[in-house]
Protein chains: 2
Amino acid sequence: MRMGELTRRAGVTSATVKWYIRIGLIPRGESTARNQAVYDERHLHRIRLIRALLEVGRLSVEQVQQLLAAVDDPALSPADIAAAAHAAISRPTGHADGDEALPVVDDYLRARGWSIAPDSPARRDLAAVLSALGRLTGPVGNDVAAPPAATGADIAHLLDPYADALEPLAVAEVTGLPPREQRAELVERIVLGTVLMDQAISALRRLAQESAFHASVDLPAGRREP
Amino acid sequence: MRMGELTRRAGVTSATVKWYIRIGLIPRGESTARNQAVYDERHLHRIRLIRALLEVGRLSVEQVQQLLAAVDDPALSPADIAAAAHAAISRPTGHADGDEALPVVDDYLRARGWSIAPDSPARRDLAAVLSALGRLTGPVGNDVAAPPAATGADIAHLLDPYADALEPLAVAEVTGLPPREQRAELVERIVLGTVLMDQAISALRRLAQESAFHASVDLPAGRREP
DNA sequence: GATAGTGGATAGCCCTACTATCCAAAACAA
DNA sequence: TTGTTTTGGATAGTAGGGCTATCCACTATC
């Protein structure tokens, strides 16, 4: 196919496709003349993947670049691909705030028996959340500039129900992956299972919450009367 | 306190605080002279909340504005606040792509017995995920321009384990909220429980996945040999 | 032969979230 | 008192992200 069909089927403009080619997100088409090239299904699929990561997965173009570079590296193991996908959905490094809660996170991970690399971005992300929660939910009038002990281990135990629920899901995801022989399917499952399922889980939680609010209003249960 | 102390304790520059005031994210300080004003703990807490929503929650300034407008509206019910928080973490409206999967989502919600408002942004977000998954994981060479039946109900049943795990969590979150009398605590719990816990859940899932990968490599289980 | 489409390159655009500068008027320090 | 710092308020500018528009010399198609 040529540019017109590619852009029509992918739902993007040719200017965008050309830009993606220039920044290395997709390979050039096969040249057939000085100003002609043909594209195949792989180009189409790649663009759809990029759009899904950008629009549904809310990644930045830079994050997509790094993730696809990992996808295209045949030397990487499934765990490496997963690490790249995890890095892609983590907040950009440089935010050093919240690192004072890292010891709390590490204690928590140790208590759960999870072995996590020290440079795992999710570790710092979780620390940032706990740090923010500690700063915001401290004693009613939070006085001191940087409350050091407020981010105690007592705030981490509120993660338990979530970790309990997520752990078996994660195990099932990892053990249910395709065999290493089907590398293309395996890699794509890891990427989509990380980036898109993250959004699906977020949406499902919101839907479950909305339904729970609905139920709590309709069935007073004890606080409200008819 | 005056500007200097406020910015030192909040960790932002005075230019940023002035900008937040101008766009209505925080109220002006109480004027004591033509070019003097005093701020109190509420200002400080508000700035910390804004920074948490922006940096940890990854909201845009516009999303924070709309969410805080709901927070400041005493006429809104807890469900209304939750709806505002849900809207804040949803992808901006205007993305109409993925709407062809809305019937699948609606079927799924009906099957689960969840009652969801038709304009719920999470509903469209979930449809966008399913649509993207359907487009990307169709038959090996996806041929047609817009595969209409590929996004079948068969793809939705893979949500079941996640929905099963999230539903009791959501119920516990909603029923465990503070009473309506403590409006400030209630509203803040809803906002933080929605926006920040979303990030915490994402981080926990990545950590659980990393740990599961670690375990699957160390304990071959059947596919790999020592 | 007329019309539309193409590859490649460069420049420009819009948006977001600040940041820098300016000013006259306090505030504090010696 | 005098010098230095800080402040409120306003306006203009900036850096980065993600495209978009335009141009040109070709090809393709009718």
Side-chain angles (χ1 to χ4, degrees), chain A residues 1-40 43-44 47 49-68 88 91-95 97, chain B residues 1-40 43-44 47 49-68 88 91-95 97:
Chain A
M1 82 190 86
R2 291 195 348 245
M3 182 63 85
E5 187 181 351
L6 181 65
T7 58
R8 235 173 297 115
R9 292 175 64 186
V12 295
T13 70
S14 66
T16 301
V17 172
K18 289 173 177 180
W19 183 58
Y20 286 171
I21 291 174
R22 251 188 325 103
I23 65 176
L25 278 185
I26 46 181
R28 290 195 185 287
E30 179 110 0
S31 288
T32 62
R34 189 169 299 280
N35 65 336
Q36 292 290 298
V38 291
Y39 308 87
D40 56 24
H43 289 91
L44 177 59
I47 296 174
L49 175 59
I50 292 166
R51 297 309 299 175
L53 296 177
L54 288 175
E55 294 192 357
V56 182
R58 303 180 192 188
L59 302 190
S60 69
V61 167
E62 188 183 354
Q63 288 166 328
V64 173
Q65 284 185 33
Q66 293 173 4
L67 178 51
L68 292 187
R91 51 209 289 258
T93 58
H95 287 286
D97 59 289
Chain B
M1 84 191 84
R2 290 194 350 243
M3 181 64 85
E5 185 181 351
L6 181 67
T7 59
R8 235 175 297 113
R9 291 175 65 185
V12 295
T13 69
S14 67
T16 300
V17 172
K18 290 175 177 178
W19 183 60
Y20 286 170
I21 292 175
R22 259 205 350 288
I23 65 177
L25 277 185
I26 44 181
R28 291 196 184 285
E30 180 110 0
S31 288
T32 61
R34 188 166 298 280
N35 64 337
Q36 293 290 299
V38 293
Y39 308 87
D40 57 25
H43 289 91
L44 178 59
I47 295 174
L49 175 59
I50 292 166
R51 298 307 301 174
L53 295 177
L54 288 175
E55 295 191 358
V56 182
R58 303 181 192 189
L59 301 191
S60 69
V61 167
E62 188 184 351
Q63 289 166 329
V64 173
Q65 285 185 33
Q66 293 171 5
L67 178 50
L68 292 188
R91 52 209 288 256
T93 58
H95 287 286
D97 59 291

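Being a predicted model, the structure only gives us computed values, none of them experimental. We name chains A, B, ... by the order of the sequence lines, and we start the count at 1 in each one.
- Between A/A37 and B/R51, the one whose closest nucleotide on DNA chain C sits nearer the 5' end is A/A37.
- The NE2 atom of B/H43 sits 15 Å away from the C1' atom of D/dT7 (whole-angstrom rounding).
- In this structure, B/E62 places its CD atom where only 12 or fewer heavy-atom neighbours from other residues, nucleotides or ligands lie under 6.0 Å away.
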Query raised in the report: Could you go step by step and tell me if A/T13 and A/T7 meet the side-chain contact (heavy atoms from CB on, under 4.5 Å) rule?
Result: CA-CA 6 Å; A/T13 70; A/T7 58; over 6 Å; no
Query raised in the report: After noting the C-alpha distance and the side-chain angles of B/M3 and B/K18, does the key distance pass the side-chain contact (heavy atoms from CB on, under 4.5 Å) rule?
Result: CA-CA 9 Å; B/M3 181 64 85; B/K18 290 175 177 178; 4.1 Å; yes
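- At D/dT20, none of the side-chain N or O atoms of A/Y20 fall inside 4.0 Å of OP1 or OP2 (strictly under the cut-off).
- Separating the CG atom of A/L54 from the C1' atom of D/dG17 is a distance of 11 Å, rounded to the nearest angstrom.
- Within the model, atoms CZ of B/R91 and CD of B/Q63 stand 12.0 Å from one another, a figure rounded to the nearest 0.5 Å.
- The heavy-atom pair separating A/L67 from A/A88 by the smallest distance is CD2-CB, 4.1 Å.
- At least one side-chain heavy atom of A/M1 sits under 4.5 Å from a side-chain heavy atom of A/R9.
- A/E62 places its CD atom 13 Å from the C1' atom of D/dG18, with the value rounded to the nearest Å.
- Shown for residues 21-31 of chain B: residues whose heavy atoms fall under 4.0 angstrom of DNA chain D, namely B/R22, B/R28.
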Report task. Go through the steps for A/T16 and A/I47 under the test side-chain contact (heavy atoms from CB on, under 4.5 Å), then give the verdict. Result -> CA-CA 10 Å; A/T16 301; A/I47 296 174; over 6 Å; no
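- Exactly one residue among A/L25, A/I23, A/L49 makes a side chain to side chain contact (heavy atoms under 4.5 Å, CB included) with A/V64. That residue is A/L25.
- Using a 4.0 Å heavy-atom criterion, one finds that B/R58 contacts no nucleic acid atom at all.
- Going from atom CD of B/Q65 over to atom P of C/dC18 covers 12 Å, rounded to whole Å.
- At C/dG7, one or more side-chain N or O atoms of A/Y39 fall inside 4.0 Å of OP1 or OP2 (strictly under the cut-off).
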Report task. Summarise protein proximity over nucleotides 22-30 of chain D in one line of letters, 5' to 3': B for base, S for sugar-phosphate only, - for none, counting protein heavy atoms closer than 4.0 Å. Result -> ---BBSSS-
Requested in this report: Start with the C-alpha gap between A/H43 and A/Y20, add the side-chain angles, then the distance that decides, and say whether side-chain contact (heavy atoms from CB on, under 4.5 Å) holds.
Outcome: CA-CA 11 Å; A/H43 289 91; A/Y20 286 171; over 6 Å; no
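- Side-chain proximity of A/S60 to the nucleotides D/dG18, C/dT19, D/dG8 is greatest for D/dG18.
- Remark: B/T13 is not in phosphate contact with C/dC18, judged by side-chain N or O atoms under 4.0 Å from OP1 or OP2.
- Of all the heavy atoms in A/A37 and A/G29, the pair that sits closest is CB-C, 3.9 Å.
- In terms of heavy atoms, B/E55 sits closest to A/D97 at OE1-OD2, 3.5 Å.
- Atom P of nucleotide C/dG5 and atom CE of A/M1 are separated by 18 Å, given to the nearest angstrom.
- Atom CD in B/E55 sits about 19 Å away from atom P in C/dT16, given to the nearest Å.
- Within the helix from C/dG1-D/dC30 to C/dA29-D/dT2, the inter-axis angle between the opening and closing five-pair segments is 10°, rounded to 10°.
- Atom CH2 of B/W19 is separated from atom P of C/dC15 by 15 Å (rounded to the nearest Å).
- Counting non-hydrogen atoms of neighbouring residues, nucleotides and ligands closer than 6.0 angstrom, the CD atom of A/E5 exceeds 12 such neighbours.
- Atom CG in A/L6 sits about 16 Å away from atom P in C/dG5, given to the nearest Å.
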